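This report concerns only the one structure given below.
Predicted model only: the values in this text are computed from it and were never measured. Throughout, numbering of the chain's residues begins at 1 and tracks the sequence. Indexing begins at 1, ligand by ligand and atom by atom, following the structure's order.
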Amino acid sequence: MGDRYDVLIVGAGHGGAQAAIALRQRKFEGSIAMIGEEPELPYERPPLSKDYFAGEKAFERILIRPAAFWEERGVTMRTGVRVVAVDPAAHTVSTAAGETIGYGHLIWAAGGHPRRLTCSGHDLGGVHSVRTRADVDRMMGELAATDTIVVIGGGYIGLEAAAVLAKTGKQVTVLEALDRVLARVAGEPLSRFYEAEHRAHGVDVRLGAMVECIEGKDGRVAGVRLAGGEVIAAQMVIVGIGIVPAVEPLLAAGAEGGNGVAVDEHGRTTLPDVFAIGDCAMHANAYAEGLPIRLESVQNANDLANTVARALTGEPEPHNSVPWFWSNQYDLRLQTVGLSMGHDSTVTRGDPASRSFSIVYLKQGHVVALDCVNATRDYVQGKALVVARTKAAPDQLADPDVPLKTLV
Ligand SMILES: Cc1cc2nc3c(=O)[nH]c(=O)nc-3n(C[C@H](O)[C@H](O)[C@H](O)COP(=O)(O)OP(=O)(O)OC[C@H]3O[C@@H](n4cnc5c(N)ncnc54)[C@H](O)[C@@H]3O)c2cc1C
């Protein structure tokens, strides 16, 4: 067998990096190694569809920590290495290159792989996903020779990419299969607001648009054919239709799961000494009424990493943090707190036409989440309402002159 580490982290992204940082902060003195499939040291993923994609931030500025940080803290970095199997009885993992590495505890922080289209033409040149630096560098390299772009998927990543491209004057079409953008994550008022914003910036937003196939010429994308026959010309296609959690080796080793790997309130999987965090971890979330869910956010990855670091350093504390998220599009900063799933009514606070407002999500009169657009004060103060699941009168929530903190 090759090397052995007291803690082996698989996945050198947000969760993996924070797990190592938190372990050292908590004075964990054992050996730590992080294995990552990508060639880079851990970097921030959100800028990939925002300022990094816009060319406004250099790669060095999105590194989570500089190389020296990991060296100084004795964290062994194994980048460009893919783990393909886990042997829970032997406490080892195997890499694609055939190496076997031992662990005392394993932290699985492998995130997810972009969901790919399955229709014909999905593998043509010029069809891209947005998950890694390499994906975005490839796209950026093609942009100078590209005028027409189709974005498939009206979720946050697709819309953020569309915003960056629209600002550079490209002709952008967004295709969304459902009847509104952001349908999976936000209520209708927010969806309609963002739809209107994109249209105002010249983006052709098509709702209820079913992609039939990608058409190509000489191995490169030329257009997207919709069910119904219309072909939208495209020199580039960006696919933003979600991720598939990267958990195959764990499930193959017998871990419980399906859409992700199941973990308890300390991040433990059902395999001995194996934890999982971040996008791939399916956990019972108090803000989803205890339902098992996966969250895809930096905050969730970091908080689960901290939870696992506590468990491994003898001070366990169940994971119970309030989910939060952000998205930047044009000059709009959206901040979300709580989970709006299952809400039965919404209150709009402030005037969307002013481009500073919030949507408050209620369930049986209790505040469960807020989407705050250019309204940081609502976001900060509204958090307490979500944590307390406050019952509040809709007319007070709707009145921007009533500070949310007075309603807790
Ligand atoms: C374009 C984009 C924009 C985003 N914007 C926001 C935002 O604005 N706000 C927000 O909160 N969140 C945002 N997110 C989501 C956020 O980045 C993720 O939730 C977060 O990165 C999850 O962290 P993670 O550690 O679970 O996974 P990741 O950060 O994805 O790290 C997982 C790493 O594991 C590696 N890996 C996978 N399988 C293996 C294997 N078998 N062996 C070795 N390595 C492996 C992967 O290559 C990857 O490097 C965005 C994501 C993307 C892609």
Side-chain angles (χ1 to χ4, degrees), residues 8-21 33-54 62 64 77-86 93-97 99 101 106-115 128-136 139 151 153 155-164 185 238-252 260-261 263 267 276-283 294-305 308 323-329 333-337:
L8 182 63
I9 302 170
V10 175
H14 277 278
Q18 181 57 30
I21 291 168
M34 206 184 308
I35 303 184
E37 188 176 9
E38 294 179 70
E40 295 88 1
L41 290 173
Y43 60 88
E44 294 169 33
R45 234 165 267 287
L48 295 183
S49 52
K50 306 179 183 72
D51 33 11
Y52 180 74
F53 185 36
I62 67 170
I64 290 176
M77 286 294 185
R78 302 281 307 273
T79 55
V81 175
R82 185 159 61 93
V83 169
V84 292
V86 177
V93 303
S94 313
T95 71
E99 192 184 354
I101 303 173
L106 179 67
I107 303 179
W108 191 265
H113 299 296
R115 190 179 295 283
H128 300 276
S129 1
V130 194
R131 183 75 193 177
T132 64
R133 177 204 189 182
D135 292 336
V136 176
M139 277 196 295
V151 176
Y156 282 122
I157 290 176
L159 291 183
E160 287 178 350
V164 168
V185 287
I238 299 176
V239 183
I241 55 172
I243 61 164
V244 180
V247 291
E248 305 86 346
L250 283 189
L251 299 187
V261 60
V263 297
I277 60 178
D279 285 8
C280 68
M282 189 172 56
H283 61 280
R294 285 191 310 103
L295 290 175
E296 296 170 16
S297 73
V298 170
Q299 168 270 332
N300 172 64
N302 286 343
D303 283 352
L304 276 170
V308 169
W324 56 265
F325 182 81
W326 78 94
S327 171
N328 298 339
Q329 296 169 50
R333 179 162 177 85
L334 169 73
Q335 292 165 292
T336 295
V337 60

Just to confirm my output: which protein heavy-atom neighbour is closest to [atom], and how far is it?
atom	result
atom 17 (O) of ligand 1	R45 CB, 3.2 Å
atom 37 (C) of ligand 1	A110 O, 3.0 Å
atom 36 (N) of ligand 1	E37 OE1, 3.5 Å
atom 27 (O) of ligand 1	G111 CA, 3.4 Å
atom 10 (C) of ligand 1	F325 CE1, 3.3 Å
atom 26 (O) of ligand 1	D279 N, 2.9 Å
atom 5 (N) of ligand 1	K50 NZ, 3.0 Å
atom 41 (N) of ligand 1	V83 O, 2.9 Å

| 4.0 Å heavy-atom contact, Q18 with ligand 1 | no

| message | So, 4.0 Å and heavy atoms of V81: is ligand 1 close enough to count as a contact? | response | yes

[X] neighbourhood, listing ligand 1 atoms whose heavy-atom distance to it stays under 4.0 Å:
X	result
G11	33 (C), 34 (O), 35 (C)
S49	1 (C), 2 (C), 3 (C)
V10	42 (N), 43 (C)
G278	26 (O)
E296	19 (O)
P46	3 (C), 4 (C), 5 (N), 6 (C), 7 (C), 8 (O), 13 (C), 17 (O)
V130	1 (C), 53 (C)

Give, for atom [atom1] of [X] and atom [atom2] of [Y], the distance between the pair rounded to the nearest 0.5 Å.
X	Y	atom1	atom2	result
S297	D303	OG	CG	8.0 Å
L8	M34	CG	CE	10.0 Å
N328	D51	CG	CG	7.5 Å
I9	L106	CD1	CG	9.5 Å
E40	I62	CD	CD1	8.5 Å
Q329	Y156	CD	OH	8.0 Å

| query | Salt-bridged, D279 to R45, with N to O below 4.0 Å? | reply | no

| request: Before giving the answer on side chain to side chain contact (heavy atoms under 4.5 Å, CB included), spell out for I107 and V10 the whole-Å C-alpha distance, their side-chain angles and the decisive distance to 0.1 Å. | output: CA-CA 6 Å; I107 303 179; V10 175; over 6 Å; no

| request: Mind running side chain to side chain contact (heavy atoms under 4.5 Å, CB included) on H14 and I64 for me, showing each step along the way? | output: CA-CA 8 Å; H14 277 278; I64 290 176; 3.8 Å; yes

Short N/O distance, under 3.5 Å, between [X] and ligand 1?
X	answer
W324	no
R82	no
S297	yes
V298	yes
W326	yes
E160	no
G112	no
H14	yes

| request: Any chance you could lay out the side chain to side chain contact (heavy atoms under 4.5 Å, CB included) test for E37 and H113, step after step, and finish with the verdict? | output: CA-CA 11 Å; E37 188 176 9; H113 299 296; 3.5 Å; yes

| When you measure from the side chain of D135 to the backbone N and O of T132, does any donor-acceptor pair fall under 3.5 Å? | yes

| field | W324 (side chain) donor-acceptor with N300 (main chain) under 3.5 angstrom | value | no

| said: Show, in sequence, the C-alpha distance, side-chain angles and deciding distance for E160 and S327, and conclude whether the side-chain hydrogen bond (donor to acceptor under 3.5 Å, both in side chains) test is met. | reply: CA-CA 8 Å; E160 287 178 350; S327 171; 2.6 Å; yes

| said: Let's go through W326 and V298 carefully: what are the C-alpha distance in whole Å and the side-chain angles of both, what is the deciding distance for side chain to side chain contact (heavy atoms under 4.5 Å, CB included) to 0.1 Å, and is it a yes or a no? | reply: CA-CA 9 Å; W326 78 94; V298 170; 4.0 Å; yes

| query | Would the number of heavy atoms belonging to other residues, nucleotides or ligands and lying under 6.0 Å from CZ of R133 be above 12? | reply | yes

| Checking side-chain hydrogen bond (donor to acceptor under 3.5 Å, both in side chains) for the pair E38/Y43: CA distance, chi angles, key distance, verdict? | CA-CA 10 Å; E38 294 179 70; Y43 60 88; 2.3 Å; yes

Side chain or backbone of [X] under 4.0 Å from ligand 1, or both, or neither, by non-hydrogen atoms?
X	value
A301	side chain
E44	neither
V84	neither
I157	side chain
Y156	neither

| Taking the side chain as C-beta and beyond, is there a heavy-atom pair between Y52 and P46 under 4.5 Å? | no

